[in-house]
Amino acid sequence: PYNGLDDDCIGGDSCDLDGDGVSAAAGECGGTDCDDSDPTRFSTGPIEVPTQAPTIQAAVDALCEDGRVDVLAGTYPETVDLGERDIDVVGVGSDVVTVNGVAQGPVFTMTRGRLEGMTLTQGSAVDGGGVRIVGGVGVELVDLVVYDNTATHAGGGIAILDAGGTTTIDNVRIDNNTTTGTTTGSDGGGLYIDNSRVVATDLVLHGNSTRGEGGGLHMAPTALPFIGTRITASANEALERGGVSLRDATLTDLVVTGNTATSALGAGVIRDSEVFGLMASDNETTGSFQSTLQLIDTDARDITYTRNTGGQRGLVLEGNDTVATHVTAVDNLHDRTVALVRGAELTDAVIANNNGLGIDMGTGGGTDQLVSHVTVAYNNGHGVLIGAQSNLALIDSIIAYNDGTGIARNPTSTAQPSYVLLWGNGTAANFAVSDPQRIDANPQFTDTSGAMASSWDLSVQSGSPAEGSASDGLDRGALTP
């Protein structure tokens with residue numbers, strides 16, 4: 001046990017620290033065989049830093065078993081290795097406790113235990129500049145700020161690698177971290193996850209950067225399921241996937257805003273996942289022929305996609321397992337605002353006031369795929385573009401006031417819309433629309449005042465020809481505009 005002395009049971013040191021007549025073996029005083037019969041004090045702690053131990057590592061080393069270290073206000077220039085021990089290191093608050101790794105390694109290295117109430121900064125490592133978790137079993141990260149750390153490979157802020165249990169992240173801010181490597185796999189400027197399960201709540205990823213993929217967060221192809229609630233990725237930068245790179249995830253209330261990619265996917269990519277609430281805004285892709293946000297084989301509901309710029313395509317929905325419901329895509333700047341690829345489905349959507357065409361319905365797709373109840377209006381381009389060989393169906397929709405053709409179809413496609421309202425477009429269609437339920441009349445939107453479509457109400461007024469005239473007896477166009 002730590003008693004303020006350099007007791008190591010060597011050179012005549014007294015190691016009968018509790019006075020019971022039993023002394024620890026040589027070199028073991030302060031180790032796992034400490035001579036201390038009081039388990040609440042030194043065997044498991046808590047040991048208080050700096051009053052009972054001068055550093056966090058000294059307190060960790062003083063614990064005979066798994067236990068707890070309490071850290072008082074102050075700045076601690078050190079790196080801490082918990083080894084494989086289950087130790088809780090608890091600071092009195094991230095605003096008053098700073099652990100500075102002085103570029104000597106990860107600020108914390110651990111496989112289990114809990115970190116709470118601290119700011120971790122100036123760590124430098126191959127993986128995980130702020131926190132490196134390897135083979136973790138039940139690690140908890142709570143009320144932390146992980147700021148200004150660096151990794152030469154992956155996870156500038158935190159790297160979670162080959163964890164055998166679930167890592168829990170709660171109320172953590174990962175800010176201004178970076179990966180500096182240029183080789184494949186130098187990913188996750190803020191957070192990198194590989195072969196590990198993570199449950200994250202109230203996680204903020206801000207201002208991180210990488211020369212690879214996932215400026216804010218990157219999950220490797222071998223990552224295990226991720227559960228995220230109230231995740232915000234903002235102002236991150238990457239070569240590709242500026243905000244997030246997620247897979248096999250269940251996400252609730254995800255915000256991706258102000259991120260940048262110099263090659264592709266300024267907002268990021270989400271694959272093989274479920275999403276319940278996604279706001280993607282003000283992201284930028286500087287690659288000329290790339291996309292900004294891609295959902296692959298993902299079931300997503302309640303998506304707002306607004307004020308994003310750059311790239312050829314904006315929001316890309318890809319794969320037969322992708323179903324996007326209740327989507328608002330307004331005020332963006334892309335050649336193609338929403339693109340459907342390989343049989344994705346879109347229903348209950350407003351695509352309006354974008355500087356580019358509204359919906360690109362792709363060049364392929366599965367059988368009986370469906371685009372239904374969409375309102376595509378006031379876009380600076382075609383309303384809907386049906387690509388070559390696309391057999392996607394467009395039904396129960398309003399296509400109105402687009403500068404280009406309302407529905408433009410590639411000559412090789414045989415797709416036919418049904419139950420559509422076409423009005424006020426540059427031209428209605430570039431092919432014969434054989435839709436006996438087609439309506440050519442003013443949809444009578446409720447409110448289109450204001451410069452930005454985010455403030456509009458594109459529901460239809462009472463008495464509109466779109467009212468109750470869809471194939472299912474509902475209004476044509478978006479169900480919840």
Side-chain angles (χ1 to χ4, degrees), residues 193 197-201 203 214 216-221 223-233 241 243-257 265 267-281 283 291-306 308 313-330 336-351 359-362 364-376 390-397 472 474 478-481:
I193 303 169
R197 290 178 176 85
V198 174
V199 176
T201 305
L203 170 63
L217 185 160
H218 181 77
M219 296 178 66
L224 301 178
F226 177 94
I227 299 175
T229 303
R230 296 186 299 278
I231 310 296
T232 298
R241 308 175 187 186
V244 296
S245 177
L246 291 157
R247 63 178 63 236
D248 197 7
T250 301
L251 304 165
T252 304
D253 297 334
L254 172 66
V255 176
V256 185
T257 183
L265 298 163
V269 63
I270 303 170
R271 65 169 66 233
D272 302 317
S273 298
E274 288 185 296
V275 181
F276 306 93
L278 166 60
M279 163 65 83
S281 65
N283 300 286
S291 308
T292 295
L293 176 61
Q294 191 170 22
L295 306 183
I296 305 172
D297 292 324
T298 289
D299 186 352
R301 307 166 197 175
D302 299 323
I303 302 172
T304 299
Y305 183 83
T306 185
N308 300 283
R313 301 182 298 181
L315 173 61
V316 178
L317 309 174
E318 180 175 349
N320 288 308
D321 292 329
T322 292
V323 179
T325 306
H326 191 199
V327 177
T328 300
V330 296
R336 293 164 169 80
T337 304
V338 177
L340 279 72
V341 182
R342 294 194 299 109
E345 293 186 12
L346 174 66
T347 186
D348 186 13
V350 171
I351 318 295
I359 300 177
D360 179 355
M361 289 179 64
T367 304
D368 299 327
Q369 298 303 296
L370 189 64
V371 175
S372 66
H373 281 291
V374 299
T375 296
V376 185
S390 176
N391 62 352
L392 290 161
L394 176 64
I395 186 171
D396 295 332
S397 297
D472 52 11
L474 301 174
L479 297 173
T480 50

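Excluded from the calculations below are hydrogen atoms, water molecules and symmetry mates; all remaining heavy atoms, backbone and side chain alike, are included. As the structure is a prediction and not an experimental result, all values here were calculated from the model.
Closest of all the heavy-atom pairs between Val316 and Ser291 is CG2-OG, 3.4 Å. Heavy atoms only, all atoms of each residue included: Ala233 and Val244 are closest at CB-CG1, 3.7 Å. Shortest non-hydrogen contact noted between Glu318 and Ala344 is N-CB, 4.0 Å. Of all heavy-atom pairs between Ala349 and Ala478, the closest is O-CB, 3.4 Å. Annotation for Ala223 and Ile193: closest pair CB-O, 3.8 Å, computed over non-hydrogen atoms.
Partners of Ser245 under the side chain to side chain donor-acceptor pair (under 3.5 Å) rule, at least two apart in sequence or in another chain, are His218, Arg241. Every residue meeting the side-chain contact (heavy atoms from CB on, under 4.5 Å) condition with Thr306, not counting sequence neighbours, appears here in chain and number order: Met279, Ser281, Thr304, Val330, Asp331. With sequence neighbours left out, Ser372 forms a side chain to side chain donor-acceptor pair (under 3.5 Å) with Thr347.
Expressed to the nearest 0.5 Å, how far CD1 of Ile351 lies from OG1 of Thr328 amounts to 7.5 Å. Atom OG1 of Thr252 and atom CD1 of Ile231 lie 9.5 Å apart (nearest 0.5 Å). With rounding to the nearest 0.5 angstrom, the CG atom of Leu340 is 5.0 Å from the CG atom of Leu317. Between atom CD1 of residue Ile227 and atom CG of residue Asp248 there is a gap of 9.5 Å, rounded to the nearest 0.5 Å. How far CG of Asp302 is from OG1 of Thr325: 8.5 Å, rounded to the nearest 0.5 Å. Asp348 CG to His373 NE2: the interatomic distance, rounded to the nearest 0.5 Å, is 8.0 Å.
A 4.5 Å side-chain heavy-atom check between Tyr305 and Val338 finds every atom pair outside the cut-off. In this structure, the side chains of Leu246 and Met219 come closer than 4.5 Å at one or more pairs of heavy atoms. In this structure the side chain of Leu293 reaches within 4.5 angstrom of the side chain of Leu278, judged on heavy atoms. When side chains are defined from C-beta on, Leu370 counts as touching Ile395, because their heavy atoms get closer than 4.5 Å. Under the 4.5 Å side-chain criterion, counting only non-hydrogen atoms from C-beta, Val327 is in contact with Leu315. By the 4.5 Å heavy-atom criterion applied to side chains, Leu394 and Ile359 are not counted as neighbours. No side-chain heavy atom of Arg301 sits less than 4.5 Å from a side-chain heavy atom of His326. Annotation: side chain of Arg342 is in contact with side chain of Ile296 (closest heavy-atom distance under 4.5 Å).
Remark: the backbone N or O of Glu274 is not paired with any side-chain donor or acceptor of Thr298 at under 3.5 angstrom. Side chain of Asn308 to backbone of Ala280: a donor-acceptor contact under 3.5 angstrom is found.
The environment of CZ in Arg197 is sparse: at most 12 heavy-atom neighbours from other residues, nucleotides or ligands sit within 6.0 Å.
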